[in-house]
Structure formats: C-alpha cells, structure tokens
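Step one of this worksheet: look at the structure below.
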Amino acid sequence: MNILLTGGAGYIGSHTAVVLTQANHEVVLLDNFYNSHKRVLGQLQKILGKNLHCVDGDVRNTTLITKILQDCKIDAVIHFAGLKAVGESVQNPIEYYANNVQGAISLLEAMKFANVKTLLFSSSATVYGDPQYLPIDENHPTGPTNPYGKSKLHIEEMLKDLTNSDNEWKIACLRYFNPVGAHESGLIGENPAGIPNNLLPYIAQVAGGMRSDLAVFGDDYPTIDGTGIRDYIHVMDLAEGHVKALEFLEVNNGWHALNLGTGRGYSVFEVIEAFEKASARKVPYHVVSRRLGDVSECYATPQKAKVVMSWSATRSLHEMCLSAWDFQRLNSVAAP
Ligand code: NAD
Ligand code: UFG
C-alpha cells in the first residue's frame, strides 16, 4: 500500500515509518517540523538503506495534501500530526484546537476530494479522562479533562459522523496509552525540546547527567508504593499495531476505537528501578506534591486489539528502558 504519514518525522511516526517500510509498504511523510528535526530523515535512511519521500508542509494546507494524495496514489493515511503537551494545551487552548481539529478537517477534506477513505487516527488514552474502572476498555465513558484531550475527542466524534454519513470510510481511532522507548538501532527515539514533560525522557536525561534529579509527582496515591501507575508501551509495539490496524481496515468498514496498551501498569518507582537496571546508572529523585490533573492509575485492557486484529504488545519494561537509554547515550550530544 501507499501510505501517507502526517507528522511522520515525529516520535511515533518515524518508528511507524520503519515498520511499514519493512513490511513492504511505500510511505510518504508529511511534516512541518514544528516538533521534530530534519535529522530524523537521515537516521531513517541509515536504518532502512533508502531515502523516504518527505514533504515539508502543514496538514492544514488542504491543496498540498490533496496533491500528495493524488500524485503519490495514496491508499491510506495515518494522521499523527498534532500538538500533544497537556499543560501547554491548558495555557494555549486555541492553538491546540487550531492545529489538531483544523488539521483533521483539512486532511479529511483532502481525503474526500481525492477519494482516499482509509484512515488511522492517533488518539489517546486521555480521551477517557479520570478512570471510572480499571482496566480501561473501549466502552469506558469518555471525558477528557484538558483541551488536548478534548481536541482528540472532537476529532474522534467528527470521524464517527463521517463514517455514519458514508459507509465507504474505514477509520480506526487508536487510543495510545504511554508510548516509550526507541528503535533498537538507537538512531531514532523521543527527543523532546526543552524540559521533558513525560517520565521516561526525564529519567533518561537524569541518567545521562543532563539533569540532576527527577521530581516524583506524589507518593501518596492509593497504589502499591504511593506513586502513579501507567501503562507504558514500547514504541515499536505501538508501531507494529499500526500495521495490524491497516490490515484490519482492509476488511472492515466504519468507525472503530482500539486501545493500544499492554494491559499492565507500572509505578513511577518501578520505572526508576527498571531504568537504573537497564542503564547501570543511578537515577536520583526527590518526591514533590502531586501534579495537577494527574490520576492515580491508568491502564488498558488491550483485549479488543488482540481479538479483532491479532495484535498484542510483546516487549518488556526492561526493553523499553534499555532502548530509551541507548537512544539517550547515542544522541544526547548530537541532538540539534
Ligand atoms: P511528535 O510531536 O513527536 O510528532 C508529531 C509530529 O507532527 C511532529 O513531527 C510535528 O512536527 C508534526 N506536526 C505538528 N503539527 C503539524 C501540522 N500542522 N502539520 C504538519 N506536521 C505537524 O508526537 P508523537 O509523540 O509522535 O505523537 C504522534 C501523535 O500521537 C500525536 O497526534 C499525539 O497527540 C498522539 N499521542 C501521543 C502520545 C505520546 O505520549 N507520545 C500519547 C497519545 C497520543
Ligand atoms: N511523573 C513524575 N515526574 C515527572 C514526570 C512524570 O513523577 O517528571 C509521573 C506522573 O505523575 C505520572 C507518570 O509519571 O504518574 C507518567 O507521567 P507522564 O507525564 O509520562 O504521562 P501521563 O500519563 O501523565 O500522560 C501521557 C501523555 C499524554 C497522554 C497520556 C495517555 O503525556 O499526552 O500519557 O496516553 F494522553
């Protein structure tokens, strides 16, 4: 298949590009490099032994997207492009709706015009809001608590309306839990600009000596050790989930929501311990008060993805930490 990856130079998009190319698909990347670096393209070339076609542009440029869909004879689109920082979305809601919601509308207009009706959408566990029960299945009520999560839910709802209006559309909303880790080569990985918001990249920078210690946001949650529990999933497992989801859509029309998680949660202290083991470095930390908006526990049941598309995550927390550490070691100096 010929597949367009919007936001394809980003963290999850670049790993998915590798897996799709190795599965003999032709990928075209579209990215405005707002939160990624052109250097990624060279790294992808090293991994794959060939250059990937990448267009430097904005997903909100409907004319450009239409042209790519037509010129490259695109069969399916994976829509990764968007802004993703929860805290920033609270400060700057309009920017989030403008990029995420407007970006999706622009893409859908282009897809409709070019008659490309197969789409995977990068959604998030954040659409569920505060868990009402665990593990979270796809029927769990939605109720995002921040503009980022609301923008994801608005898009999901738009996509549902679209499939209701025309049954030729095939759309899967992939609700990612907590993607971490990197490609085994150490050439691509998560490379956040500035101070990392998320746990794993922060820990990696502490282990690498770029930061002195980790602030653990609360040790008074009702969990095994008092720290927050999340469903961390290796980015390569997640990438492979996209290949499976495309196969699923080949034989299934309509709108589908699918959790991509492991089904197992780990606490912050467990992640610190696993990272120390994988890196053979100390990760100094101190406990501070809870971060506003954080929930105590969040993990998926990935049962639906297993049943309907024969996918489940296989990589361990140790492998997640090991690969994140390799990427950190190899890239902390070279990062642009
Ligand atoms: P990322 O920031 O690394 O990748 C997103 C890419 O989209 C970046 O390369 C950015 O430059 C590009 N982009 C942003 N706006 C664009 C626009 N208007 N036009 C063209 N390109 C644009 O993020 P990621 O972690 O790879 O996330 C990919 C998707 O998955 C996002 O939609 C995100 O919301 C979603 N998601 C991520 C996580 C996570 O923890 N990483 C969890 C759940 C869902
Ligand atoms: N944490 C710390 N210190 C830090 C960073 C995080 O203790 O410096 C803790 C948090 O309190 C939480 C856990 O580590 O208990 C994980 O936090 P992350 O920020 O890594 O992940 P979140 O679960 O808060 O959110 C992430 C993404 C969201 C996405 C969500 C579900 O940031 O965009 O996963 O997919 F919606």
Side-chain angles (χ1 to χ4, degrees), residues 5-16 29-38 40 55-61 64-65 78-89 95-96 98-100 102-104 106-107 121-129 136 144-146 148-149 151-152 155 174-180 189-193 195-203 205-206 211 213-219 221 223 227-233 235 238-239 259-261 265-269 271-272 285-288 290-300:
L5 274 56
T6 73
Y11 173 45
I12 303 169
S14 57
H15 289 79
T16 305
L29 314 185
L30 176 276
D31 209 296
N32 66 1
F33 297 95
Y34 177 86
N35 196 37
S36 51
H37 307 281
K38 293 210 165 138
V40 166
V55 180
D56 183 344
D58 199 293
V59 74
R60 287 166 290 182
N61 183 342
L64 172 69
I65 306 300
I78 310 184
H79 184 41
F80 297 104
L83 305 180
K84 62 165 184 176
V86 172
E88 194 180 70
S89 79
E95 200 186 336
Y96 270 67
N99 200 339
N100 295 1
Q102 212 168 305
S106 162
L107 174 66
F121 170 57
S122 292
S123 190
S124 167
T126 198
V127 298
Y128 295 117
I136 295 179
T145 55
N146 55 71
Y148 163 68
S151 76
K152 290 287 175 190
I155 297 167
L174 303 179
R175 295 174 174 166
Y176 309 154
F177 279 67
N178 290 57
V180 296
E190 192 172 11
N191 193 6
I195 302 170
N197 292 309
N198 298 116
L199 182 65
L200 245 289
Y202 204 107
I203 289 182
Q205 293 192 4
V206 172
R211 304 193 183 276
D213 64 344
L214 170 78
V216 173
F217 299 141
D219 65 353
Y221 286 106
T223 60
T227 64
I229 289 183
R230 296 292 183 276
D231 187 339
Y232 299 95
I233 174 168
V235 68
L238 194 68
N259 283 346
L260 296 187
Y266 286 99
S267 74
V268 175
F269 284 156
V271 176
I272 294 174
Y285 67 84
H286 65 286
V287 177
V288 299
R290 294 179 181 191
R291 181 170 63 179
L292 207 66
D294 271 357
V295 298
S296 166
E297 279 189 74
C298 179
Y299 55 92

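First listed ligand is number 1; within each ligand, the first listed atom is number 1. Just so it is clear, the values below take in all heavy atoms, side chains as well, and ignore hydrogens, waters and symmetry mates. Being a predicted model, the structure only gives us computed values, none of them experimental.
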Consider every N or O of N35 and every N or O of ligand 1, then say whether any pair is closer than 3.5 Å.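 So ligand 1 has an N or O lying under 3.5 Å from an N or O of N35.
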
Do Y128 and N259 have a side chain donor and acceptor closer than 3.5 Å?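 On atom types as modelled, these side chains qualify, holding a pair under 3.5 Å.
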
Pairing donors with acceptors under 3.5 angstrom, does anything connect the side chains of R60 and Q102?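 Checked: R60/Q102 side chains show no N/O donor-acceptor pair below 3.5 Å.
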
So between [options], whose heavy atom ends up nearest [atom]?
atom                    : options          : result
atom 19 (N) of ligand 1 : L200, I65, V59   : V59
atom 23 (O) of ligand 1 : H15, E190, K84   : K84
atom 30 (O) of ligand 1 : F177, Y176, Y148 : Y176

May I ask whether [X] has any heavy atom positioned less than 4.0 angstrom from an atom of ligand 1?
X   : answer
N99 : yes
G8  : no
G57 : yes

Within the side chain of N146, is there an N or O that forms a donor-acceptor pair under 3.5 Å with the backbone of Y148?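 Yes: the side chain of N146 pairs with the backbone of Y148.
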
Is there a donor-acceptor contact under 3.5 Å from the side chain of D231 to the main chain of A300?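 At least one qualifying donor-acceptor pair exists.
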
Ligand 2: which residues have a non-hydrogen atom closer than 4.0 Å?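 Under the 4.0 Å cut-off, ligand 2 touches K84, V86, S124, A125, T126, Y148, Y176, F177, N178, N197, N198, L199, L214, A215, V216, F217, G228, R230, Y232, V268, R291, D294.
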
Using a strict cut-off of 4.0 Å, indicate which atoms of ligand 1 neighbour a heavy atom of F80.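 Those of ligand 1 that fall under 4.0 Å from F80 are 28 (C), 29 (C), 31 (C), 32 (O).
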
Where's the contact between A125 and ligand 1, heavy-atom distance under 4.0 Å: side chain, backbone, both or neither?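 A125 to ligand 1: no contact under 4.0 Å from either part.
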
